[in-house]
Amino acid sequence: VYHYLTEARYNGARVVLISPDVSPSHSHVDMHVPVNWGSDPALALSMCQVIIEEGLVDEDFVRTQTDLSLLVRTDTERFLRASDLTEDGNDEQFFHLVDGAVTEADRGDLLAGRGAVLQGTAEVTLTDGSTVEVRPLFVRLRDHLDAYRPESVATTVGVPADTLRKLARMAGSGRTMINIGGSASKTYHADLFQRSILLVLALTGNWGRLGTGTGWWNVTHGDCLLLGAAKLAAG
């Protein structure tokens, strides 16, 4: 596996190792970020906060390939469903906000969501006659990430705020691949641990193209980011 990283560097990629220790891997990367043990979720969420705040989001990708454009009720913080609006409504029918109107999400074509907005609010009437405000999940995520500003988590992560911002800008400005150490799959709440890391790729549209995406391996204790690859080795 490792030879792919070396070949990627020859082709213009920058390799960043995020790990708590100085391992043999660190001498073969462009940048080593020593984090406090188990603080990877806070690091990833702080990157996400910067990506949103600085307008580095791939909005077209987010609208069509994630659930962040779907509407969420502000009272329960759950997705708005057709069953909330009518007695015989489909529990699997979700909604977008398009041109200020609550519109059914197309269940057969993800690209139909291109007209959905990621900001804004609307009001809907529920089956019991009451009204509730709804907003895209992206807005809820943005508000949640305010608690993970780099300056707020720098001590927890053990990484200066400027470095966290630099990582976010690198991920948001070029093709990015994240390889996650196998130990990340064995930690408590490993699913949330990895979701926070994958959110970085989702916000920046780093899926489905050469030099993007994620992988797991067992030869390092931390995460390794491949950033800004012009060409990656095939395979």
Side-chain angles (χ1 to χ4, degrees), residues 41-42 44-149 152 172 178 180 184-185 187-209 212-214:
L45 293 177
S46 72
M47 290 176 62
C48 291
Q49 193 278 328
V50 174
I51 288 167
I52 291 177
E53 182 179 69
E54 298 191 0
L56 301 175
V57 176
D58 184 334
E59 294 191 358
D60 188 56
F61 184 91
V62 169
R63 289 189 186 98
T64 60
Q65 304 299 318
T66 79
D67 60 4
L68 292 173
S69 61
L70 297 179
L71 296 179
V72 173
R73 295 171 51 163
T74 57
D75 58 342
T76 63
E77 298 295 354
R78 297 175 63 86
F79 284 118
L80 177 68
R81 302 169 184 265
S83 55
D84 294 330
L85 306 178
T86 60
E87 293 291 347
D88 59 350
N90 190 336
D91 197 46
E92 297 181 356
Q93 178 62 62
F94 301 98
F95 296 86
H96 288 136
L97 188 60
V98 180
D99 295 329
V102 175
T103 305
E104 289 188 350
D106 193 307
R107 297 170 61 200
D109 182 7
L110 290 176
L111 297 183
R114 280 183 171 152
V117 299
L118 298 177
Q119 310 282 351
T121 61
E123 194 172 82
V124 296
T125 302
L126 304 177
T127 54
D128 63 3
S130 63
T131 60
V132 66
E133 186 179 72
V134 294
R135 58 181 181 170
L137 179 59
F138 182 84
V139 176
R140 184 178 186 277
L141 173 66
R142 183 198 63 198
D143 292 347
H144 176 74
L145 290 176
D146 281 344
Y148 293 91
R149 299 182 64 83
S152 300
I178 300 178
I180 305 175
S185 302
T187 60
Y188 189 55
H189 289 317
D191 59 331
L192 301 179
F193 183 114
Q194 295 175 31
R195 282 171 183 259
S196 65
I197 295 172
L198 299 181
L199 182 59
V200 174
L201 299 178
L203 289 174
T204 55
N206 276 297
W207 293 100
R209 295 181 295 154
T212 67
T214 186

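Residue numbers run from 1 in the order of the sequence given. Note that these values count all heavy atoms, side chains included, but never hydrogens, waters or copies made by symmetry.
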Counting only heavy atoms not in [X] (residues, nucleotides, ligands), do more than 12 fall under 6.0 Å from its [atom1]?
X	atom1	result
Arg107	CZ	yes
Arg78	CZ	no
Phe94	CZ	yes
Asp99	CG	no
Glu92	CD	no

Of the options Val134, Thr121, Leu80, Leu71, which is the one that meets Leu97 in a side-chain contact (heavy atoms from CB on, under 4.5 Å)?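 Passing option: Leu71.
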
Worked verdict on Val124 versus Phe95 for side-chain contact (heavy atoms from CB on, under 4.5 Å): CA-CA 11 Å; Val124 296; Phe95 296 86; over 6 Å; no

Is a donor on one side and an acceptor on the other found under 3.5 Å between the side chain of [X] and the backbone of [Y]?
X	Y	answer
Thr74	Glu133	yes
Thr204	Gly172	no
Gln119	Val139	no
Thr214	Ile178	yes
Thr103	Ala101	yes
Ser130	Leu126	no
Asp143	Arg140	no
Thr76	Arg73	no

Which atom names give the shortest non-hydrogen contact between [X] and [Y], and what distance separates them?
X	Y	result
Ala202	Thr66	CB-CG2, 4.2 Å
Gly120	Arg135	O-CB, 3.6 Å
Leu118	Phe138	O-CD2, 3.5 Å
Asp106	Asp109	OD1-N, 2.9 Å
Leu145	Cys48	CD1-CB, 3.7 Å
Ala147	Ser152	O-CB, 3.9 Å

Working note: Leu141 + Leu203, criterion side-chain contact (heavy atoms from CB on, under 4.5 Å); need CA distance, chi angles, decisive distance, verdict. CA-CA 11 Å; Leu141 173 66; Leu203 289 174; 4.3 Å; yes

Please report the interatomic distance [atom1]([X]) to [atom2]([Y]), rounded to the nearest 0.5 Å.
X	Y	atom1	atom2	answer
Asp58	Ile51	CG	CD1	11.0 Å
Glu54	Gln49	CD	CD	8.5 Å
Arg63	Leu70	CZ	CG	13.0 Å

Are Val72 and Leu137 close enough, and set up right, to give a side-chain contact (heavy atoms from CB on, under 4.5 Å), and what steps lead you there? CA-CA 6 Å; Val72 173; Leu137 179 59; 3.7 Å; yes

Side chains of Ser83 and Asp91: is there a donor and an acceptor less than 3.5 Å apart?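 A pair is found: one side chain offers a donor N or O, the other an acceptor, under 3.5 Å apart.
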
Under the side-chain contact (heavy atoms from CB on, under 4.5 Å) rule, what do Gln65 and Leu111 come out as? Steps first, then yes or no, please. CA-CA 8 Å; Gln65 304 299 318; Leu111 297 183; 4.1 Å; yes

Check this for me, if you would: do Arg114 and Glu59 make a salt bridge, where the nitrogen-to-carboxylate-oxygen distance has to be below 4.0 angstrom?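 Looking at Glu59 together with Arg114, the answer is no, because their closest N to O distance does not fall below 4.0 Å.
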
